[in-house]
Amino acid sequence: MSGGFFFIYLHPNIANIVMETLIDFSTIVFGFSIYAWITMLTIISIFAFMARTRVPAEVTFLGALTVLLVTGVVTEEEGMSGFGSEPVVIHAAFFVIIAGLMQSGVLYWLTKNVLGEPGNYQRALIRLMIPTAVLGAVLNSVNVVALFIDAVKIWARKLNIAPSKLLLPLSYAATLGGMCTLLGNSSNLVVAGLYMQQTGQSMNLFAPLFPGLLLTIVGMAMVMALQQFIPSRESGENSFETTSDYTVELLVPTDNPAVGSTVEEAGLYNVKGGSLVEIVRFDREIIMPVPKDEWVMGGDRLIYAGQINDILEIKNTHGLAAADRHVWSINDIDTKRKMRTAYVNFGSALIGRSMAQTHFEQNHDVALIAVARAGHRVEGQPREIIIQAGDTLLLECPPKGDRHLEEETRGKLTFFDSHFVPQLGPKTVTSAIILVLMFIMSSFHVFPLMAVTMMAAGLMMLFGCCRMTGVTKYIEWELLLILGVTVVFSVAITKTGIAHTMAHSILNLCQGHPYIVMAVMCIFASIVSEFVSDVGSAAVFFPIMYQQAELMGCSPMPFVMSLMLSVTISFASPIGSSTHMLVYGPGSFHFNDFARLGICMHVVLLALMLVLVNLIYPLYP
């Protein structure tokens with residue numbers, strides 16, 4: 001025993017010695033250190049989790065950062081440095097700028113005056129895609145798509161076409177336009193921030209303008225020429241309006257006068273617009289079919305089939321309530337509640353569960369009335385339906401403000417039927433001037449981009465364009481967390497030698513030819529970004545491509561620019577871009593709908609991008 005204590009005394013850092021031995025063994029046998037293997041397995045796990053599970057992206061990225069910190073791959077300083085990096089700060093400031101533009105009415109004015117009223121589908125595509133691409137470059141593509149969705153749905157109704165015929169071009173145009181500036185896409189800012197860390201030089205806001213603009217023009221031309229490949233999907237909202245086979249669940253309060261009568265005597269059997277098809281009693285006993293002489297009991301859940309608006313009238317005429325909770329008195333029923341539609345986000349905690357298995361209705365004071373999927377109503381009791389990403393939900397909502405409910409359900413649902421109309425006035429002009437000055441100062445390098453966006457955000461609050469107390473609701477904290485962690489990934493990939501080793505391996509495989517190396521890396525990065533975050537793909541591939549440029553003695557700019565654009569060329573799957581995920585529910589798309597036109601656009605634009613980048617940016621300094 002004393003010998004053991006003596007051994008530990010001589011080796012107080014025995015854990016460090018064991019770790020160093022493992023590192024040496026791993027390096028000799030496999031070519032990578034143990035830290036490199038931990039980093040690679042962590043990154044692969046992130047991609048697998050995002051592609052195969054419903055775990056929210058921000059939770060996955062935070063868990064990966066925890067692994068890197070606990071295992072010692074990165075230090076605490078390195079782990080926290082990502083959250084103060086340029087991409088995170090610029091995004092946070094830009095969220096404040098967007099809040100100012102929304103609250104002051106600039107974006108409302110643009111929506112009302114830029115799109116106009118097209119006479120046919122061809123004109124609609126042109127009038128939609130051109131302003132969308134322009135605004136996607138200066139206001140971030142995701143914000144523009146969210147802004148225009150309601151207007152596009154109105155267009156589709158007036159032109160008597162499926163919303164999907166316009167929503168897919170909307171998403172593609174915004175993504176294409178986002179290639180033209182650093183602010184257009186989050187991945188652009190990530191690449192620009194990593195480039196500054198490596199070189200100490202800040203990129204111009206319009207650094208990707210020339211190749212991005214040409215790609216945008218060609219991409220929109222392809223959408224126009226291949227419009228027959230844009231799927232026509234029946235809107236989920238239309239199914240709510242026209243389907244005559246609904247199921248609606250209503251509850252009988254305990255003191256309802258109908259208690260003790262039969263359903264026929266109480267006038268609850270055949271009602272205007274529908275009929276009683278099922279009774280759920282004590283949450284367990286199911287009576288179906290329902291006989292006319294069945295007694296009504298307090299707490300009964302009555303399932304009706306028929307026209308939704310007509311059936312819901314009996315809530316007031318017969319003193320019934322939404323069946324999300326037990327109502328003990330008719331006075332508890334709120335007659336001012338209204339119907340709203342919402343779409344289930346990718347990564348929502350509701351996916352894979354039924355409403356009956358959650359407390360969502362109770363927590364947000366809403367009741368699920370019906371569910372539509374891919375443009376068609378889902379059969380069965382609404383609260384028992386297993387929810388999927390992109391489902392359209394018809395909800396009975398409280399009379400409180402639209403924006404309050406949207407804030408409460410953020411990350412789970414997206415509402416597109418909000419009719420918030422800001423007041424136009426002097427602040428509208430002020431916020432527009434601030435936006436224009438921000439672009440001018442950044443273009444002429446008066447100040448670095450981070451400083452310019454921070455000043456613009458400060459001016460928005462100083463001049464009252466946005467309320468300081470309401471700014472935080474516009475900030476997408478999940479995205480800021482993901483951006484911060486991706487910067488740490490890039491640090492870990494460089495620090496552990498993964499970038500250097502992989503750069504050498506690919507160079508040897510491609511025989512050191514820079515054009516082939518660039519093409520191989522861009523193809524790989526663009527394919528990965530189709531199935532995972534473009535932000536994550538950019539952070540993982542940046543250090544490898546930068547190392548390759550240095551090893552070959554090439555200028556890093558064409559490699560960096562080709563990576564920035566290639567991860568954005570994600571048109572073949574709804575996961576490839578945040579804008580695609582945003583239109584997935586409103587368009588009632590199927591998962592493979594994006595591949596019909598998207599694969600062709602992906603191949604053509606990727607090949608064109610490689611040619612343009614090498615023509616515009618010299619390969620050797």
Side-chain angles (χ1 to χ4, degrees), residues 90-117 127-155 170-171 173-175 177-178 180-186 189 205-206 401-403 406-407 410 414-443 449 452-476 479 578-579 582:
I90 292 175
H91 261 81
F94 201 64
F95 286 140
V96 178
I97 296 169
I98 290 294
L101 296 174
M102 291 190 69
Q103 293 182 11
S104 65
V106 172
L107 297 186
Y108 171 75
W109 183 90
L110 288 172
T111 306
K112 184 178 179 181
N113 295 279
V114 170
L115 294 183
E117 295 290 339
R127 298 195 65 165
L128 174 66
M129 289 194 296
I130 293 177
T132 297
V134 173
L135 293 175
V138 298
L139 296 178
N140 190 282
S141 56
V142 175
N143 293 315
V144 173
V145 170
L147 183 69
F148 282 174
I149 281 181
D150 269 344
V152 167
K153 291 193 296 183
I154 294 172
W155 273 14
L170 171 69
S171 179
T175 301
C180 299
T181 69
L182 298 185
L183 290 176
N185 290 305
S186 300
L189 277 177
L205 177 63
F206 295 98
D402 291 346
R403 304 189 69 80
E406 291 168 15
E407 292 163 26
R410 191 173 186 176
T414 298
F415 289 87
F416 287 113
D417 54 356
S418 176
H419 302 290
F420 169 70
V421 179
Q423 293 290 328
L424 302 181
K427 291 180 181 179
T428 308
V429 179
T430 302
S431 58
I433 292 173
I434 293 172
L435 180 68
V436 172
L437 289 176
M438 182 189 77
F439 280 103
I440 293 174
M441 294 175 69
S442 177
S443 301
L449 179 60
V452 171
T453 51
M454 291 180 68
M455 285 191 291
L459 290 173
M460 286 286 186
M461 291 188 288
L462 181 65
F463 287 99
C465 298
C466 59
R467 296 179 295 276
M468 294 186 184
T469 55
V471 165
T472 54
K473 65 187 179 185
Y474 289 94
I475 298 177
E476 297 182 20
L479 177 58
S578 298
T579 62
L582 206 54

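For the residue pair S141/N185, the side-chain donor-acceptor check at 3.5 Å is satisfied. T428 and S104 share no side-chain donor-acceptor pair at under 3.5 Å.
Rounding to the nearest 0.5 Å gives a distance of 11.5 Å between CG of L135 and CG of N140. Between H91 atom NE2 and I97 atom CD1 the span is 11.5 Å, to the nearest 0.5 Å.
Closest heavy-atom contact between S431 and L101: O-CD2, 3.9 Å. For the residue pair V138 and F94, the shortest heavy atom distance occurs at O-CZ, 3.4 Å. Contact record, S442 with L449: OG-CD1, 3.5 Å, taken as the closest heavy-atom pair. Scanning all heavy atoms of the two residues, the minimum distance from A432 to V106 falls at N-CG2, 4.0 Å. T579 and S171 get closest at one heavy-atom pair: OG1-OG, 2.9 Å. Taking each heavy atom of L170 and V152 in turn, the nearest pair found is CD2-CG2, 4.1 Å.
A heavy-atom distance below 4.5 Å is not found between the side chains of C465 and Q103. Side chains of M438 and I434 form no contact here, defined as non-hydrogen atoms less than 4.5 Å apart. Taking the side chain as every heavy atom from C-beta outward, L182 and F206 never approach each other to under 4.5 Å. A heavy-atom distance below 4.5 Å is not found between the side chains of V452 and F439. Considering only heavy atoms from C-beta on, V144 comes within 4.5 Å of L139 through its side chain.
Without hydrogens or angle criteria, K427 side chain to G464 main chain gives a donor-acceptor distance under 3.5 Å. Formation of a donor-acceptor pair under 3.5 Å by the T181 side chain with backbone atoms of A137 is found in this model.
Counting non-hydrogen atoms of neighbouring residues, nucleotides and ligands closer than 6.0 angstrom, the CE atom of M454 reaches no more than 12 such neighbours.
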